[in-house]
K.L.:
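Okay, handing you the structure first.
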Protein chains: 4
Amino acid sequence: MVKEIGSSIKDEVLIQKRRAQLQKGAVNLFKQKRFHRATTREIAKAAGFSIGTLYEYIRKKEDVLFLVCDAIYNEVKARMEAVIDTKEPSENALYQAVESYFQLMDELQDEVLVLYQELKALPKDAQEYVLNKEKEMLCLFEQILENSYANALSKEDIILISNNIFIQGQMWGFRRWVLQKEFTLEAYTLKQFNLLKNQLAHQAQIKERGGV
Amino acid sequence: MVKEIGSSIKDEVLIQKRRAQLQKGAVNLFKQKRFHRATTREIAKAAGFSIGTLYEYIRKKEDVLFLVCDAIYNEVKARMEAVIDTKEPSENALYQAVESYFQLMDELQDEVLVLYQELKALPKDAQEYVLNKEKEMLCLFEQILENSYANALSKEDIILISNNIFIQGQMWGFRRWVLQKEFTLEAYTLKQFNLLKNQLAHQAQIKERGGV
Amino acid sequence: MVKEIGSSIKDEVLIQKRRAQLQKGAVNLFKQKRFHRATTREIAKAAGFSIGTLYEYIRKKEDVLFLVCDAIYNEVKARMEAVIDTKEPSENALYQAVESYFQLMDELQDEVLVLYQELKALPKDAQEYVLNKEKEMLCLFEQILENSYANALSKEDIILISNNIFIQGQMWGFRRWVLQKEFTLEAYTLKQFNLLKNQLAHQAQIKERGGV
Amino acid sequence: MVKEIGSSIKDEVLIQKRRAQLQKGAVNLFKQKRFHRATTREIAKAAGFSIGTLYEYIRKKEDVLFLVCDAIYNEVKARMEAVIDTKEPSENALYQAVESYFQLMDELQDEVLVLYQELKALPKDAQEYVLNKEKEMLCLFEQILENSYANALSKEDIILISNNIFIQGQMWGFRRWVLQKEFTLEAYTLKQFNLLKNQLAHQAQIKERGGV
DNA sequence: AATGAATGAGTGTTCATTCAT
DNA sequence: TATGAATGAACACTCATTCAT
């Protein structure tokens with residue numbers, strides 16, 4: 001599923017190049033200044049071209065935001081899938097997934113922050129597009145949990161824990177002013193994974209004994 | 001600490017009344033239409049007075065947002081403190097706090113959503129004001145954890161777990177399209193608290209044995 | 001039938017006043033500079049208010065044009081009807097009508113010129129509105145001809161001659177660089193009416209003799 | 001008198017060919033979309049070449065309009081002169097001229113409509129160029145009238161009647177929604193010519209008798 | 001000679017804010 | 001104290017025109 005943005009430029013390769021430029025410049029700009037406050041002229045300038053050229057590659061200001069969102073999620077998904085596919089489901093696989101995900105959230109923290117800050121400003125269809133990508137990511141975690149802890153966890157546990165992992169990754173970037181002051185990424189990853197492991201271990205014990 | 005908004009009206013009681021009106025109308029409006037998209041005229045209308053009157057009680061459009069933020073955090077803090085004050089520190093106290101907090105996040109989910117969506121649009125000093133209130137809340141959880149699990153948890157554990165609780169509460173509202181489809185608030189609270197308890201239990205075991 | 005333009009101003013009397021101002025200024029401006037070339041800022045200035053105020057009384061630039069058109073046709077229609085109503089159908093009545101109409105076209109020549117220059121730029125529904133008013137005017141002439149020359153003229157003659165009168169009136173303004181150099185309005189009216197009378201006389205003779 | 005448009009192309013034959021292409025495409029486009037609304041890109045496309053190529057054959061967008069005007073008037077003049085040259089001045093010659101002219105106005109009605117709709121948008125010098133061509137046409141009618149009815153008509157009559165003929169021809173295209181619903185071109189021509197003849201006959205009678 | 005990517009001045013429109021009543 | 005008409009800076013977007021290839 002790809003959203004068609006539209007352009008009056010004929011050279012497809014050039015479009016790709018310019019849009020990459022644009023997306024990069026835009027993220028940079030949006031870090032300092034939110035989408036709403038950034039003018040189209042500023043966006044153009046940040047991308048290194050004129051306002052006229054900007055509008056050769058997009059149709060609406062909104063499209064810039066979409067470009068940013070799309071780039072992030074594609075990156076996230078690509079990286080996550082690369083990690084997942086190569087691993088046997090196991091505690092180690094879960095660790096690998098969590099570590100990769102947290103690592104990614106660290107690297108892309110600006111982009112992800114931008115994405116979430118602006119998501120609500122996108123038109124409904126673009127919002128759904130992003131939420132779908134998000135669902136796919138949640139599914140990755142759910143699958144790993146399911147594969148590795150099928151008999152320790154209920155369906156509900158899996159959903160809840162996946163969500164917890166998901167937002168703990170984002171939290172690293174969102175709440176950096178608290179967390180990154182107290183922890184290194186490694187420490188954060190290790191700590192959270194330990195807490196997670198404890199939960200899973202405990203849930204397993206409980207289930208063994210036949211409790212809720 | 002109270003942010004001075006400024007007003008040309010002398011009657012303090014009237015100011016309070018009008019601002020309450022304003023804040024209520026604004027949240028209603030912002031639920032449907034983000035702050036950026038809402039015009040001052042719409043805000044005035046939602047509050048039930050004219051654009052001229054609006055500007056008798058605020059100085060800038062931004063102030064409206066600030067009013068909303070302030071109202072939310074005051075409410076949160078008030079309720080949380082009520083819980084804390086009446087409880088001995090214990091597992092039960094933690095449960096009470098978590099439950100109250102989640103309950104509050106459920107009740108105020110629109111407001112909190114609005115607050116977080118717009119936080120970054122506020123001027124730096126207002127942002128800090130909000131983040132300070134947030135810190136106070138985190139401290140509440142930290143205190144309870146400290147009081148009840150002092151020898152089970154390291155300082156880092158406390159910080160991390162407080163943060164986890166904090167965002168899990170917000171998650172209930174932010175990710176409602178996933179979570180509120182799968183869980184009732186009670187179930188969510190119970191599940192998360194159980195997972196939390198398991199963590200704490202496991203951490204305690206570990207510490208007992210003299211581990212990490 | 002009145003086209004609703006829309007305004008955010010509540011005082012109806014003020015709206016009327018401002019729109020009259022606007023329409024007057026706009027005609028003045030459009031005499032020198034066509035609608036398309038005139039900027040909204042220029043229009044506002046010509047009307048004596050700021051760009052912001054302009055948009056308190058219209059919704060779109062187009063509305064200005066509509067205001068102009070509407071004012072003109074209402075004026076034309078009102079004046080023509082005043083003349084017609086008071087006259088018995090007769091050669092004299094026809095003369096009165098033609099004279100009044102030509103007189104009017106002389107007085108409103110700028111306005112009418114503007115109207116016809118810009119008519120095609122109006123949205124379809126506004127165009128129809130104007131053409132309807134035009135039809136009403138044609139009918140006035142047709143009625144007079146019918147009443148006074150019923151047995152001298154065929155239906156087709158009436159239509160054609162009405163059209164001829166109609167455009168001869170407009171011609172006085174449109175082709176002023178030729179006609180107003182050669183004739184006074186009185187001379188033009190007299191000449192054209194004489195030519196018209198001759199036609200009618202001849203048609204009558206023809207019909208009397210029973211020919212086409 | 002030919003207006004110099006300017007081109008960076010050396011090959012004169014190619015220039016003629018491309019400009020013919022351009023003029024044809026432009027009329028087609030302007031029928032649907034007025035000059036002001038048509039973009040240069042659309043004009044280039046309608047002519048079958050790129051925007052870059054368009055600007056090899058014109059200097060300004062305006063030039064396109066000028067090209068259209070020029071083509072129309074040259075055609076009109078050529079045809080009219082063909083008629084004049086081959087005819088003795090007489091009532092029949094007048095009929096031939098009127099018929100040819102009306103016929104042409106029928107064939108070129110789109111072009112003429114475009115021309116008149118946009119005339120006022122042309123720069124002053126181009127407007128004068130067109131009005132001069134118009135004057136030449138009026139002169140053709142004046143000459144025929146003068147030659148054939150010299151002693152029946154005053155100079156003023158000749159001017160007035162020439163103008164009447166002229167605009168009745170244009171009227172056929174301009175007011176097609178009324179006239180072409182009621183008449184065929186032949187019927188219209190015949191009717192108008194009859195009315196004209198009656199006028200001329202009557203004027204002749206009057207002059208004979210020595211009146212005004 | 002032909003192309004089409006790049007440019008940026010210019011336009012319609014919005015909306016926070018002011019201020020006379 | 002309340003009103004709402006007036007203001008103009010600021011913005012998204014367009015499009016005629018240029019110029020390197």
Side-chain angles (χ1 to χ4, degrees), chain A residues 7-11 14-15 17-18 36-45 48-64, chain B residues 7-11 14-15 18 36-45 48-64, chain C residues 7-11 14-15 17-18 36-44 48-64, chain D residues 7-11 14-15 18 36-44 48-64:
Chain A
S7 164
S8 46
I9 301 300
K10 299 186 173 177
D11 183 339
L14 189 57
I15 293 182
K17 186 181 143 195
R18 290 276 181 263
H36 279 109
R37 304 269 188 168
T39 68
T40 49
R41 274 171 172 80
E42 286 170 325
I43 294 172
K45 199 173 177 185
F49 30 75
S50 71
I51 181 66
T53 302
L54 176 65
Y55 275 89
E56 296 281 347
Y57 295 94
I58 60 165
R59 287 231 196 288
K60 304 236 154 216
K61 189 189 176 193
E62 225 163 46
D63 291 339
V64 177
Chain B
S7 165
S8 48
I9 304 300
K10 306 288 168 207
D11 182 341
L14 189 54
I15 292 183
R18 289 277 182 261
H36 280 108
R37 309 264 189 173
T39 67
T40 49
R41 276 172 167 80
E42 287 170 325
I43 294 171
K45 198 174 178 187
F49 32 75
S50 73
I51 181 68
T53 304
L54 176 66
Y55 274 86
E56 297 288 338
Y57 295 94
I58 60 166
R59 286 234 194 289
K60 303 241 155 211
K61 187 189 176 192
E62 235 157 37
D63 291 340
V64 178
Chain C
S7 164
S8 46
I9 302 300
K10 298 186 174 177
D11 182 339
L14 189 57
I15 291 182
K17 186 181 144 197
R18 289 277 180 262
H36 279 109
R37 305 269 189 169
T39 67
T40 49
R41 275 167 179 80
E42 286 170 326
I43 294 171
F49 29 74
S50 71
I51 182 65
T53 303
L54 176 65
Y55 275 88
E56 296 281 346
Y57 295 93
I58 59 165
R59 287 232 196 287
K60 302 241 155 212
K61 188 189 177 193
E62 224 163 47
D63 292 338
V64 177
Chain D
S7 164
S8 48
I9 304 301
K10 304 290 166 203
D11 182 341
L14 188 57
I15 293 183
R18 289 276 181 263
H36 279 108
R37 306 265 189 173
T39 67
T40 48
R41 276 171 166 80
E42 287 170 325
I43 293 171
F49 33 75
S50 72
I51 181 66
T53 303
L54 177 66
Y55 274 85
E56 296 289 338
Y57 295 95
I58 60 167
R59 286 231 195 287
K60 304 239 155 213
K61 188 189 176 192
E62 237 159 35
D63 292 339
V64 177

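Chain naming here is simple, since letters A, B, ... match the order of the sequence lines and numbering starts at 1 in each.
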K.L.:
Between atom NE2 in D:His36 and atom C1' in E:dT11, what is the gap in whole Å?
P.N.:
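Atom NE2 in D:His36 sits about 13 Å away from atom C1' in E:dT11.
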K.L.:
About how many Å separate CD1 of A:Ile58 and CD1 of A:Ile43, when rounded to the nearest 0.5 Å?
P.N.:
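Reported to 0.5 Å precision, the distance equals 7.0 Å.
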K.L.:
Students often get this wrong, so: under 4.0 angstrom with heavy atoms, is B:Thr53 touching a base, only sugar-phosphate, or nothing?
P.N.:
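Here B:Thr53 touches the bases of the nucleic acid.
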K.L.:
Find which nucleotide of DNA chain F each of A:Glu56 and C:Arg41 is nearest to by heavy atoms, and output the residue with the more 5' nucleotide.
P.N.:
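Looking at the nearest nucleotide for each, C:Arg41 comes out on the 5' side.
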K.L.:
Starting from P on F:dG4, measure out to NZ on B:Lys45 and report it in whole angstrom.
P.N.:
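Checked: the NZ to P distance equals 12 Å.
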K.L.:
To the nearest Å, how far apart are B:Ile58 CD1 and E:dA16 P?
P.N.:
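From B:Ile58 CD1 to E:dA16 P: 10 Å.
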K.L.:
Please determine if a side-chain N or O atom of A:Arg59 lies less than 4.0 Å away from the OP1 or OP2 oxygen of F:dT14.
P.N.:
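Checking A:Arg59 against F:dT14: no side-chain N or O falls below 4.0 Å of OP1 or OP2.
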K.L.:
Salt bridge or not for A:Lys61 and A:Glu42, using N-O below 4.0 Å?
P.N.:
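Looking at A:Glu42 together with A:Lys61, the answer is no, because their closest N to O distance does not fall below 4.0 Å.
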K.L.:
For the pair D:Ser7 (side chain) and D:Glu56 (backbone), establish whether a donor and an acceptor sit closer than 3.5 Å, ignoring hydrogens and angles.
P.N.:
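Judged by distance alone, yes, a pair lies under 3.5 Å.
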K.L.:
Measure CD1/A:Ile9 against C1'/E:dA5 and give the value in whole Å, please.
P.N.:
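It is 5 Å, rounded to the nearest whole Å.
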K.L.:
How many angstroms lie between OH in C:Tyr57 and CD1 in C:Ile15, if you round to the nearest 0.5 Å?
P.N.:
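These two atoms lie 7.0 Å from each other.
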K.L.:
Within the structure, does a side-chain N or O atom of A:Tyr55 lie under 4.0 Å from either OP1 or OP2 of F:dC13?
P.N.:
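Yes, because at least one side-chain N or O of A:Tyr55 sits under 4.0 Å from OP1 or OP2 of F:dC13.
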K.L.:
Just call it for B:Ala44: base, sugar-phosphate, or nothing, with non-hydrogen atoms closer than 4.0 Å on any strand.
P.N.:
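Here B:Ala44 touches no strand at all.
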K.L.:
In whole angstrom, what separates A:Ile51's CD1 from E:dT7's P?
P.N.:
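Going from CD1 in A:Ile51 over to P in E:dT7 covers 11 Å.
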K.L.:
For E:dA6, which nucleotide in any strand shown is its Watson-Crick or wobble partner with both distances under 3.5 Å?
P.N.:
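Checking every strand shown, E:dA6 finds its partner in F:dT17, with both distances under 3.5 Å.
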K.L.:
Would you say A:Arg18 places a side-chain N or O within less than 4.0 Å of OP1 or OP2 belonging to E:dA5?
P.N.:
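No, because none of the side-chain N or O atoms of A:Arg18 sits under 4.0 Å from OP1 or OP2 of E:dA5.
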K.L.:
Among the candidates E:dG12, E:dG8, F:dG4, find the nucleotide nearest to the side-chain atoms of C:Lys10.
P.N.:
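Looking only at side-chain atoms, C:Lys10 lies closest to F:dG4.
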K.L.:
Rounded to the nearest 0.5 Å, how far apart are CD1 of B:Ile51 and OG1 of B:Thr40?
P.N.:
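Reported to 0.5 Å precision, the distance equals 3.5 Å.
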K.L.:
Quick one: is F:dC13 close enough that its OP1 or OP2 comes under 4.0 Å of any side-chain N or O from A:Lys60?
P.N.:
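Answer yes for this pair, as a side-chain N or O of A:Lys60 is under 4.0 Å from OP1 or OP2.
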K.L.:
Between E:dA6 atom P and A:Ile15 atom CD1, what is the distance in whole Å?
P.N.:
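Rounded to the whole Å, the gap is 10 Å.
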K.L.:
Under 3.5 Å, is there an N or O donor on one side and an acceptor on the other linking the side chain of C:Arg37 and the base of E:dG10?
P.N.:
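No pair found.
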K.L.:
Would you kindly give the CG-to-P distance between C:Leu54 and E:dC15, to the nearest whole Å?
P.N.:
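Nearest whole value for this atom pair: 16 Å.
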K.L.:
Between B:Leu14 and C:Tyr57, which residue's closest nucleotide on DNA chain F lies nearer the 5′ terminus?
P.N.:
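Between the two, 5'-proximity favours B:Leu14.
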K.L.:
Counting the atoms with a prime plus P, OP1 and OP2 as sugar-phosphate, which does A:Thr39 contact under 4.0 Å by heavy atoms, base, sugar-phosphate, or nothing?
P.N.:
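Sugar-phosphate contact only - A:Thr39 comes under 4.0 Å of backbone atoms but never of a base.
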K.L.:
Report the distance from atom CD of A:Glu62 to atom C1' of F:dA12, rounded to the nearest whole Å.
P.N.:
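So the CD-C1' distance, A:Glu62 to F:dA12, works out to 12 Å.
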